[in-house]
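Below is one structure, written out as structure tokens, with a few remarks after it.
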Number of protein chains: 2
Amino acid sequence: MSQAETAELTASDEVEAIDLGNIGRSLGFLLRLSQVEVFGMFYRALSRHEMKPGEFSILYVIHLNPGVRQGALAERLMVKRAQMTKLIRVLEGRGLVARTIPPDNRRIVHLHLTEDGRRFVSENERAFLGYVNQETDRLTPSEADQLTRLLRKFIGLEGTP
Amino acid sequence: MSQAETAELTASDEVEAIDLGNIGRSLGFLLRLSQVEVFGMFYRALSRHEMKPGEFSILYVIHLNPGVRQGALAERLMVKRAQMTKLIRVLEGRGLVARTIPPDNRRIVHLHLTEDGRRFVSENERAFLGYVNQETDRLTPSEADQLTRLLRKFIGLEGTP
DNA sequence: CATAAACTGTTTACAAGGAAACATTCTGCT
DNA sequence: AGCAGAATGTTTCCTTGTAAACAGTTTATG
């Protein structure tokens with residue numbers, strides 16, 4: 001018994017016998033459980049990289065948008081500016097991200113990847129974006145497509161297919 | 001400007017112009033954004049109740065399964081036992097949940113709702129389970145059904161339709 | 001029976017994220 | 001030019017959740 005401390009794999013029928021009622025159809029509840037599931041997949045597949053999902057997403061988006069303003073990145077990724085400050089500082093400390101303050105507007109911070117950062121993204125992009133569905137695939141590829149399509153619509157991200 | 005501090009409603013095209021690349025199709029990323037969205041809906045609709053989603057889900061499931069063992073509840077709801085201890089203590093302190101330790105096995109804790117707890121669930125069940133889709137519904141009812149169906153399948157919760 | 005191991009809940013220490021106040025810089029208005 | 005207010009990032013404090021060790025209880029095993 002190594003992983004599965006979260007589900008604790010007891011799976012004693014006692015647990016599955018618990019009636020969830022209509023909360024088992026509540027979107028919020030299902031989203032939370034799904035995220036726990038994906039989080040587990042991520043760590044089983046990628047913990048060796050010492051990089052968390054949120055950190056990689058930042059790296060990846062800076063890679064695609066060099067010079068992006070820190071606050072705009074936070075808003076796009078739906079993290080608070082305060083939290084983005086902390087995350088960027090960590091990535092900067094690891095030598096993956098560089099911050100530059102333009103002289104014509106010294107409030108804002110532009111973000112770039114360092115050479116190391118670019119290499120990390122290039123080498124690990126496929127692994128980090130595809131870790132789901134390498135596990136016990138309960139969804140067919142078609143269903144997975146459908147799921148992401150619906151989620152994108154739910155959060156209003158349809159524009160850029 | 002009152003809410004929408006999360007999205008910060010700047011919505012300056014600068015933000016939407018940021019290219020998300022393939023991370024915009026990553027299930028983990030979409031789940032996280034969806035959860036932020038649902039969380040926002042929840043607070044806009046139900047913050048006055050001074051009860052968080054996780055707390056209500058516990059109350060609701062105890063209501064459906066009186067006497068449920070605390071650890072089994074934690075496992076079913078996918079929260080850590082340590083965290084369940086804290087949550088139950090809060091609900092107990094608010095007079096909504098009662099803990100009983102059976103004499104024949106003094107390790108375990110059985111959970112029941114108090115009279116206040118039962119009343120709270122009965123009175124607010126509909127509001128707490130239906131707060132989504134009272135907002136800017138981006139999904140049709142059929143799409144919402146489809147979405148929950150896929151999420152249930154993804155987390156292996158199909159058995160009990 | 002006695003002791004080792006497992007189970008259950010709790011405590012403690014810590015990491016992650018959010019809210020609000022803050023410091024600095026820029027913009028707009030007069 | 002000068003000042004009020006907005007924008008931007010940062011800091012500080014607090015809440016929430018996790019991990020690991022712990023205490024009490026029960027089960028299994030010799």
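The chains referred to below are lettered A, B, ... by the order of the sequence lines, with proteins before strands, and numbering in each begins at 1.
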- Residues touching DNA chain D, which here means a heavy atom under 4.0 Å, drawn from residues 46-58 of chain A: none
- Item | Under 3.5 Å donor-acceptor, B:Arg32 side chain and A:Met78 backbone | yes
- Query: Between the main-chain N or O of B:Leu96 and the side-chain N or O of B:Asp116, is there a donor-acceptor pair closer than 3.5 Å?
  - Reply: no
- For A:Glu123, what residues pass the salt bridge (Lys or Arg N to Asp or Glu O under 4.0 Å) criterion, not counting sequence neighbours? none
- Query: Within this structure, what is the CD1-to-P distance between B:Ile101 and D:dT26, rounded to whole angstrom?
  - Reply: 11 Å
- Query: Can you tell me how far C1' of D:dT11 sits from CE of A:Met84, to the nearest Å?
  - Reply: 17 Å
- Item | Side-chain touch A:Leu27/A:Phe154, heavy atoms, less than 4.5 angstrom | yes
- Query: Judged by atom type as modelled, is there a donor-acceptor pair below 3.5 Å linking the side chain of A:Thr114 to the main-chain atoms of A:Gly95?
  - Reply: yes
- Note on the structure: Rounded to whole Å, CZ of B:Phe39 lies from P of D:dG17 at a distance of 8 Å
- Query: Which whole-number value in Å describes the distance from A:Leu73 CG to D:dT8 P?
  - Reply: 14 Å
- Query: Quick one: does B:Arg76's side chain have a donor or acceptor within less than 3.5 Å of a partner on A:Glu16's backbone?
  - Reply: yes
- What is the distance, rounded to the nearest whole Å, between atom OH of B:Tyr43 and atom P of C:dG17? 17 Å
- Think A:Arg69 has a side-chain N or O under 4.0 angstrom from the OP1 or OP2 of D:dG9? yes
- Closest heavy-atom pair, B:Tyr60 versus B:Glu125, reported as atoms and distance to 0.1 Å, is CE1-OE2, 3.5 Å
- Message: Whether the side chain of B:Lys86 and the base of D:dT18 hold a donor-acceptor pair under 3.5 Å is what I'd like checked.
- Response: yes
- Query: Toward the 5' end of DNA chain C, which comes first, A:Asp104 or B:Arg89, by nearest nucleotide?
  - Reply: B:Arg89
- Message: By nearest heavy atom, map A:Arg106 and A:Leu87 onto DNA chain C; which one lands nearer the 5' end?
- Response: A:Leu87
- Taking only side-chain nitrogens and oxygens of B:Gln83, does any of them come within less than 4.0 Å of OP1 or OP2 of D:dT18? no
- Message: Would you say A:Arg99 places a side-chain N or O within less than 4.0 Å of OP1 or OP2 belonging to D:dT10?
- Response: yes
- Query: Using a cut-off of less than 4.0 Å, is there contact between a side-chain N or O of A:Arg107 and OP1 or OP2 of C:dT24?
  - Reply: no
- Once you round it to whole Å, what is the distance between P of C:dT8 and CD1 of B:Ile88? 16 Å
- Of the nucleotides D:dT10, D:dG17, D:dT25, which has the atom closest to the A:Gln70 side chain? D:dT10
- A:Ile108 CD1 to C:dT27 C1', straight-line distance once rounded to whole Å: 14 Å
- Message: Counting only side-chain heavy atoms from C-beta out, which of D:dT11, D:dT26, D:dT8 sits nearest to A:Thr85?
- Response: D:dT11
- How many Å lie between CZ on A:Arg32 and C1' on D:dT18, as a whole number? 13 Å
- Message: From the set D:dT26, D:dG9, C:dT11, return the single nucleotide nearest to any side-chain atom of B:Ala82.
- Response: C:dT11
- Message: Could you check whether any side-chain heavy atom of B:Ile18 comes within less than 4.5 Å of a side-chain heavy atom of A:Val61, counting everything from C-beta outward?
- Response: yes
